[in-house]
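Report on the structure given below.
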Amino acid sequence: MTLRVLVTNDDGIAAPGIGWLARAAADRGLDVVVAAPLEEASGTSAAMTAVEREGHVVVRQHPLPELPDVPAYGVAGSPGFIALIAVHGAFGPPPTVVLSGINRGANAGRAVLHSGTVGAAFTAAANGCRAMAVSLDVLSAGEATAASGGAGVAAAARVRDAERHWSTAARVALDLLPRLLAGPVESVLNVNAPDLPHGRLRGVRKGTLATFGQVQMTVAESGHGFVRTSLEEPGQAVQPGTDLALLADGYASVTAVRAVTEVSDVDLSGLGAAED
């Protein structure tokens, strides 16, 4: 049986990364359907939001260039919402796997909590569908480390999206698919690839989550009735073996993560059990 795959993202249906990921999946002979937000939905985590008209969520056909045989839809909803309705058959047969990405920018460290790319994967996994989040590190290949202050972000912005190495991230992701299928359904693979040609990739390594993200939000200014925020690089050294350290060294990083999970290292002794 051909594997049924939903490809989604949080950058929007017109973003370049989703086409590369869908094409890579189709080239591997997978049964692909694409559904992604009509507009950018970055930073939405696993939000369940959608726009309705007359009681119906807005869904539009959105054919992808070079993939005329792959059904593709733009949805007025968050990535997590799209993953959920896909699992329930909104776009044809429910997928066995959700591939979320390719995000423009690394989703690394504990900042994955806020990512719509990762949020879609978490939502799929929580509903019985194996899932992978895939991101391209647009600050990789020395751009961030060679620059000081916020110059790394500015340097990355000067590179046109058409020139980025989306195919590297797509190939790494599809090569990891057998490991995803062999793992527990509730776990998500979070994959980050540096913006390098595949031939220059140093390899794929297991990475731990860094304690911070690649960029962090800060309050730049506040006053009467307003707050202005900005993004800046953390300005602290990355820890060896983390996803961010691997990216900086030219490796693709993969981390197995799991969403809401009970823990046992908090002392709740002495509390009564729930009544039957």
Side-chain angles (χ1 to χ4, degrees), residues 3-13 15 17-18 20-22 24-25 30 32-37 40-50 75 77-88 90-91 94-137 166 169-170 172-193 204 206-210 213-214 243 252-261:
L3 197 67
R4 174 78 166 171
V5 174
L6 168 75
V7 181
T8 190
N9 72 357
D10 72 356
D11 287 333
I13 188 66
I18 197 169
W20 283 95
L21 189 55
L30 307 180
V32 179
V33 60
V34 176
E40 183 176 349
S42 298
T44 54
S45 189
M48 291 286 115
T49 58
V75 184
S78 61
F81 177 83
I82 293 169
L84 180 63
I85 63 175
V87 170
H88 289 284
F91 310 109
T96 304
V97 170
V98 168
L99 299 177
S100 185
I102 302 166
N103 190 68
R104 186 186 184 279
N107 278 304
R110 294 179 184 174
V112 298
L113 171 68
H114 309 293
S115 165
T117 304
V118 181
F122 279 155
T123 302
N127 286 273
C129 184
R130 286 181 169 81
M132 182 188 302
V134 188
S135 303
L136 183 70
D137 175 13
W166 305 102
V172 169
L174 270 296
D175 286 348
L176 287 168
L177 189 57
R179 291 181 182 267
L180 177 68
L181 296 174
V185 69
E186 63 270 19
S187 296
V188 166
L189 292 187
N190 186 46
V191 179
N192 287 282
V204 181
K206 173 185 174 182
T208 58
L209 290 177
Q214 194 170 46
D243 42 15
S253 169
V254 56
T255 309
V257 290
R258 195 168 293 174
V260 181
T261 304

**Study point:** Sole candidate of V5, L180, T96 that passes side chain to side chain contact (heavy atoms under 4.5 Å, CB included) when paired with R130
**Key:** L180
Exercise for review: Search all heavy atoms of P37 against all heavy atoms of T8 and return the closest pair with its distance.
Suggested key: CD-OG1, 4.5 Å
Check your understanding: Are T49 and T44 side-chain neighbours, meaning at least one heavy-atom pair lies under 4.5 Å?
Key -> no
Check your understanding: Say you draw a straight line from CG of D137 to CG of N192; how long is it, rounded to the nearest 0.5 Å?
Key -> 7.0 Å
Review point. Measuring from M132:CE to L176:CG, what's the distance to the nearest 0.5 Å?
Key: 5.5 Å
Check your understanding: Hey, does V97 have a side-chain heavy atom less than 4.5 Å from the side chain of L30?
Key -> no
Review point. Are side-chain heavy atoms of D243 and L209 found at a separation under 4.5 Å?
Key: yes
Check your understanding: Heavy-atom distance under 4.5 Å between the side chains of W20 and L136, does that happen here?
Key -> no
Review point. Any side-chain heavy-atom pair from V204 and V172 closer than 4.5 angstrom?
Key: yes
Practice item. Can you measure from CG (L99) to CG (L174) and round to the nearest 0.5 angstrom? Key: 6.5 Å
Point to revise | Closest heavy-atom pair and its distance - I102, S135 | key: CG2-C, 4.0 Å
Identify each donor-acceptor pair in which a side-chain atom of residues 113-123 lies under 3.5 Å from a protein atom, sequence neighbours left out, and give them as a table.
| unit_1 | atom_1 | unit_2 | atom_2 | d |
| --- | --- | --- | --- | --- |
| S115 | OG | N107 | OD1 | 3.1 |
| S115 | OG | N107 | ND2 | 3.3 |
| S115 | OG | T117 | N | 3.1 |
| S115 | OG | V118 | N | 3.0 |
| T117 | OG1 | D10 | OD1 | 3.1 |
| T117 | OG1 | D10 | OD2 | 3.4 |
| T117 | OG1 | N103 | OD1 | 3.2 |
| T123 | OG1 | G119 | O | 2.8 |

**Study point:** Student check: side-chain heavy atoms of L3 and L181 closer than 4.5 Å
**Key:** yes
Review point. What distance do S100 atom OG and L21 atom CG have between them, rounded to the nearest 0.5 Å?
Key: 8.5 Å
Check your understanding: Who passes side-chain contact (heavy atoms from CB on, under 4.5 Å) against A15, sequence neighbours left out?
Key -> N9, D11
Revision key, fill the gap. Applying side-chain contact (heavy atoms from CB on, under 4.5 Å) to P178 and not counting sequence neighbours gives none
Review point. For A36 and G12, which heavy atoms make the closest approach, and how far apart are they?
Key: CB-C, 4.3 Å
Exercise for review: Please report the closest heavy-atom contact between I82 and G77, naming both atoms and the distance.
Suggested key: CD1-O, 3.7 Å
Review point. A131 and A125: which non-hydrogen atoms are nearest, and at how many Å?
Key: CB-N, 4.4 Å
Exercise for review: State, to 0.1 Å, how close A124 and V98 come at their nearest heavy-atom pair, and which atoms those are.
Suggested key: CB-CG2, 3.6 Å
Practice item. In sequence, state the C-alpha distance, the side-chain angles, and the governing distance for R258 and S187, and then conclude on side-chain hydrogen bond (donor to acceptor under 3.5 Å, both in side chains). Key: CA-CA 5 Å; R258 195 168 293 174; S187 296; 2.5 Å; yes
Exercise for review: Indicate yes or no: at least one non-hydrogen side-chain atom of P95 is less than 4.5 angstrom from one of V33.
Suggested key: no
